[in-house]
*Asks:* 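So that we are looking at the same thing, I have put the structure below in structure tokens.
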Amino acid sequence: MTIFFLVKVFDEEQHAEDFVRGKLYSNRLSYFRKLEESEAANRGDRYEGVVDWHQPSEIEIVINGRTLTDLAGPVSVQMNWHDHINVFCVYAAHSGSFESLTHENLADFKRQLEISEDCQKLGGHAVLVTNVTQFFERVRSAARENNYGLSSGLVEYYNPETFSGSFSENEAIFKKRDEFQHQKEYRFAIDTGVEGDKPITLEIGDISDITSRCNVMDINNSLEIKLP
């Protein structure tokens, strides 16, 4: 799978400017677990970092010799230590399931890269990262300089109605329910080794040479894909 560009959407212009200066504001995972919003599948998700997700028909819970029956929904398990992980998230415009491009599938491929309407609601200001490889390297370099643990990758999405199983503690940070799949999220998980709920700002240096600022509503209109 190829990532062509990244997009970070902001409510405020100043936050977009800070990002271009290389300031990556990163909340704790606990922030997103506790965040309550009017919009569904937006930023908040109380099921962040689920390590176990089991359908009622596939799990048996026994307390003091008595088996609980008629469970209301899936049983989930989360790890407390995940609360202390800082995360920085961006939209990743990637190739998805496309293995080749033709004139026939070009329109579908363009839709694969476009920003969804739900993502556009996250804010009016956008910063495009046009050199993905260089951006990744600068984040990794800054993490090393600060002696932070760092893992990163595309978030994978599962169907909460049909999936039943477990994730490792590390991969759980990169698993979310499929109602969030419109976000096509690439996530950096930063372990500072410090417990608490305070966010951090990871300084990666000025990135104006590999970014472009625009109005989030203009991204899809300006996106062009051409074949010879």
Side-chain angles (χ1 to χ4, degrees), residues 1-13 15-17 19-20 24 32 37-45 47-48 53 87-140 151-163 167 171 173-189 207-228:
M1 187 180 298
T2 302
I3 300 176
F4 297 98
F5 59 91
L6 305 172
V7 182
K8 186 65 175 174
V9 179
F10 300 92
D11 288 321
E12 299 182 22
E13 185 176 7
H15 294 163
E17 292 179 2
F19 177 58
V20 173
L24 276 55
F32 299 103
E37 300 175 297
S38 58
E39 294 282 349
N42 196 358
R43 289 191 173 96
D45 180 10
Y47 294 112
E48 280 277 10
W53 185 273
V87 293
F88 182 79
C89 312
V90 291
Y91 175 94
H94 57 72
S95 56
S97 60
F98 286 84
E99 296 182 356
S100 62
L101 284 183
T102 65
H103 290 287
E104 287 71 30
N105 68 11
L106 201 60
D108 290 334
F109 182 72
K110 182 177 183 293
R111 282 190 288 271
Q112 162 72 16
L113 300 183
E114 289 178 344
I115 308 295
S116 68
E117 290 184 8
D118 287 327
C119 285
Q120 293 174 9
K121 295 176 183 178
L122 295 175
H125 306 279
V127 179
L128 275 69
V129 177
T130 53
N131 189 326
V132 177
T133 301
Q134 186 59 228
F135 180 74
F136 287 169
E137 179 52 40
R138 295 183 193 184
V139 175
R140 296 188 188 106
S151 54
S152 63
L154 286 167
V155 170
E156 296 182 356
Y157 303 93
Y158 62 91
N159 186 333
E161 302 296 328
T162 59
F163 173 78
F167 305 118
E171 71 177 352
I173 301 172
F174 300 93
K175 304 290 185 180
K176 290 177 70 72
R177 292 168 297 144
D178 60 8
E179 64 186 271
F180 290 89
Q181 64 184 349
H182 62 276
Q183 296 181 351
K184 294 179 184 173
E185 181 182 337
Y186 191 97
R187 170 173 288 188
F188 297 90
I207 56 173
S208 58
D209 60 321
I210 57 171
T211 57
S212 175
R213 288 183 54 183
C214 64
N215 186 304
V216 68
M217 301 297 290
D218 294 333
I219 295 176
N220 293 345
N221 293 333
S222 61
L223 181 62
E224 289 186 58
I225 304 171
K226 298 179 180 179
L227 289 178

*Asks:* Quick one: NE2 on His94 to CG on Leu6, what's the gap to the nearest 0.5 Å?
*Replies:* 10.5 Å

*Asks:* Kindly compute the distance separating OG1 (Thr162) from CG (Asp178), expressed to the nearest 0.5 Å.
*Replies:* 7.5 Å

*Asks:* State, to 0.1 Å, how close Phe174 and Ala189 come at their nearest heavy-atom pair, and which atoms those are.
*Replies:*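 Heavy-atom minimum between the residues: CZ-CB, 4.0 Å.
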
*Asks:* Which residues pass the salt bridge (Lys or Arg N to Asp or Glu O under 4.0 Å) test with Lys176, sequence neighbours left out?
*Replies:* Asp45, Glu48

*Asks:* Does the Asn220 side chain pair with the main chain of Ile115, one donor and one acceptor, at a distance under 3.5 Å?
*Replies:* yes

*Asks:* Residues in side-chain hydrogen bond (donor to acceptor under 3.5 Å, both in side chains) with Asn159, at least two apart?
*Replies:*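 If we apply the side-chain hydrogen bond (donor to acceptor under 3.5 Å, both in side chains) test to Asn159, skipping adjacent residues, there are no hits.
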
*Asks:* Does the ring centre of Phe180 sit less than 6.0 Å away from the ring centre of Tyr47?
*Replies:* no

*Asks:* Is Leu106 close to Leu227 at the side-chain level, that is, under 4.5 Å between some pair of heavy atoms?
*Replies:*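 Side chain of Leu227 against side chain of Leu106, heavy atoms only: contact under 4.5 Å found.
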
*Asks:* Within the structure provided, determine whether Leu113 and Ile225 are in side-chain contact (heavy-atom separation under 4.5 Å).
*Replies:*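 Side-chain contact under 4.5 Å: yes.
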
*Asks:* side-chain contact (heavy atoms from CB on, under 4.5 Å) between His182 and Tyr157: does it pass, once the steps are laid out?
*Replies:* CA-CA 10 Å; His182 62 276; Tyr157 303 93; over 6 Å; no

*Asks:* Evaluate side-chain contact (heavy atoms from CB on, under 4.5 Å) for Ile219 paired with Val7, printing each intermediate quantity in order.
*Replies:* CA-CA 9 Å; Ile219 295 176; Val7 182; 3.8 Å; yes

*Asks:* Looking at residues at least two apart in the chain, or sitting in another chain, which of them share a salt bridge (Lys or Arg N to Asp or Glu O under 4.0 Å) with Glu224?
*Replies:* Lys226

*Asks:* Distance from Leu24 atom CG to Ile207 atom CD1, nearest 0.5 Å?
*Replies:*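 Going from CG on Leu24 over to CD1 on Ile207, the span is 6.5 Å.
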
*Asks:* Using the side-chain hydrogen bond (donor to acceptor under 3.5 Å, both in side chains) criterion, which residues pair with Lys175? Sequence neighbours excluded.
*Replies:* Glu156

*Asks:* To the closest 0.5 Å, what do you measure between CZ (Phe136) and CZ (Phe188)?
*Replies:* 5.0 Å

*Asks:* Please report the interatomic distance CZ(Phe32) to SG(Cys89), rounded to the nearest 0.5 Å.
*Replies:* 5.0 Å

*Asks:* For residues 105-126, which residue pairs qualify under ring pair (Phe, Tyr, Trp, His ring centres under 6.0 Å), counting only residues two or more places apart or in two chains?
*Replies:*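 Found Phe4-Phe109, Phe98-Phe109.
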
*Asks:* Residues in ring-ring contact (aromatic ring centres under 6.0 Å, His included) with Phe88, at least two apart?
*Replies:*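 Testing Phe88 for ring-ring contact (aromatic ring centres under 6.0 Å, His included), a comparison that skips the adjacent residues, returns Phe19.
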
*Asks:* Just by distance, do the side chain of Asp108 and the backbone of Asn105 share a donor-acceptor pair under 3.5 Å?
*Replies:*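 No: the side chain of Asp108 does not pair with the backbone of Asn105.
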
*Asks:* Give a yes or no on whether the backbone of Val87 and the side-chain of Arg187 come within a donor-acceptor separation of less than 3.5 Å.
*Replies:*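 Answer holds: no.
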
*Asks:* Between Phe135 and Tyr186, does the ring pair (Phe, Tyr, Trp, His ring centres under 6.0 Å) criterion hold? Intermediate values first, please.
*Replies:* CA-CA 12 Å; Phe135 180 74; Tyr186 191 97; 8.8 Å; no

*Asks:* With a 4.5 Å cut-off on side-chain heavy atoms, are Arg177 and Tyr158 touching?
*Replies:*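 Of all side-chain heavy-atom pairs linking Arg177 with Tyr158, at least one is under 4.5 Å.
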
*Asks:* Thr211: what forms a side-chain hydrogen bond (donor to acceptor under 3.5 Å, both in side chains) with it, not counting sequence neighbours?
*Replies:* none

*Asks:* Considering only heavy atoms from C-beta outward, does the side chain of Ile210 approach that of Arg138 to under 4.5 Å?
*Replies:*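 Heavy-atom side-chain distance check passes, below 4.5 Å.
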
*Asks:* Going by salt bridge (charged side-chain N to carboxylate O under 4.0 Å, His left out), name the pairs with one or both residues in residues 212-222, residues two or more places apart or in two chains.
*Replies:* Glu13-Arg213, Glu17-Arg213

*Asks:* If a pair satisfies salt bridge (charged side-chain N to carboxylate O under 4.0 Å, His left out) and one of its residues is in residues 90-101, list it, with sequence neighbours excluded.
*Replies:* none

*Asks:* On a heavy-atom basis, which atom in Lys8 and which in Phe10 lie closest, and how many Å separate them?
*Replies:* CG-CZ, 3.0 Å

*Asks:* Please identify each residue that fulfils salt bridge (Lys or Arg N to Asp or Glu O under 4.0 Å) with Arg140, with sequence neighbours left out.
*Replies:* none

*Asks:* Under the rule for salt bridge (Lys or Arg N to Asp or Glu O under 4.0 Å), what residues qualify as partners of Glu12, not counting sequence neighbours?
*Replies:*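 For Glu12, no residue satisfies salt bridge (Lys or Arg N to Asp or Glu O under 4.0 Å) once neighbours in sequence are set aside.
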
*Asks:* Applying ring-ring contact (aromatic ring centres under 6.0 Å, His included), can you list everything that pairs with Tyr91, at least two apart in sequence or on another chain?
*Replies:*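 So Tyr91 forms no ring-ring contact (aromatic ring centres under 6.0 Å, His included) with any residue.
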
